[in-house]
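Values below: every heavy atom of this structure, side chains too, minus hydrogens, waters and symmetry copies.
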Amino acid sequence: MDTRTRSVVKAVIWNLLGLAMMAGVGWLLTGSLALGGTLALVNTCVGFLCYLLYERIWAGVRWGRRHV
């Protein structure tokens, strides 16, 4: 089972990658780096919180795990 710290580190790395991609897409679609960056930042914050909650819920689900 993952520790809370591991879940946070995974979420941060994943969200940094997503932030960079979303900023690039936002910039391409709007032509504005500021607007694209703002959209990316909001998306990243919401996604980060949802991902942490999702990971913690699944950490407590026993279904599909093999006991060694």
Side-chain angles (χ1 to χ4, degrees):
M1 185 175 291
D2 287 349
T3 64
R4 290 182 196 270
T5 302
R6 179 180 165 89
S7 292
V8 170
V9 169
K10 285 171 50 181
V12 168
I13 292 169
W14 178 253
N15 276 279
L16 287 174
L17 292 169
L19 177 63
M21 296 307 297
M22 182 59 82
V25 169
W27 176 47
L28 288 173
L29 293 177
T30 66
S32 168
L33 190 55
L35 182 56
T38 299
L39 290 170
L41 190 57
V42 169
N43 180 68
T44 297
C45 290
V46 171
F48 178 78
L49 294 174
C50 289
Y51 181 78
L52 281 178
L53 180 60
Y54 178 80
E55 281 288 313
R56 295 317 305 161
I57 290 170
W58 272 102
V61 174
R62 292 183 180 175
W63 173 81
R65 287 192 174 165
R66 293 185 180 169
H67 299 283
V68 180

Which residues satisfy the side-chain contact (heavy atoms from CB on, under 4.5 Å) test with [X], sequence neighbours excluded?
X: Y51; value: K10, A11, E55
X: V25; value: L29
X: W58; value: Y54, V61, W63
X: R56; value: R4, S7, A59

With sequence neighbours excluded, tell me which residues meet salt bridge (charged side-chain N to carboxylate O under 4.0 Å, His left out) with R6.
D2
Are M22 and W14 connected in the hydrophobic side-chain network, where two residues link if heavy atoms are under 4.5 Å apart?
no
Return a table of donor-acceptor pairs under 3.5 angstrom between the side chains of residues 33-49 and protein atoms on other chains or two or more places apart.
{"residue": "T38", "atom": "OG1", "partner": "A34", "partner atom": "O", "Å": "2.8"}
{"residue": "T44", "atom": "OG1", "partner": "A40", "partner atom": "O", "Å": "2.8"}

To the nearest 0.5 Å, what is the distance between CD1 on I13 and CG on L17?
8.0 Å
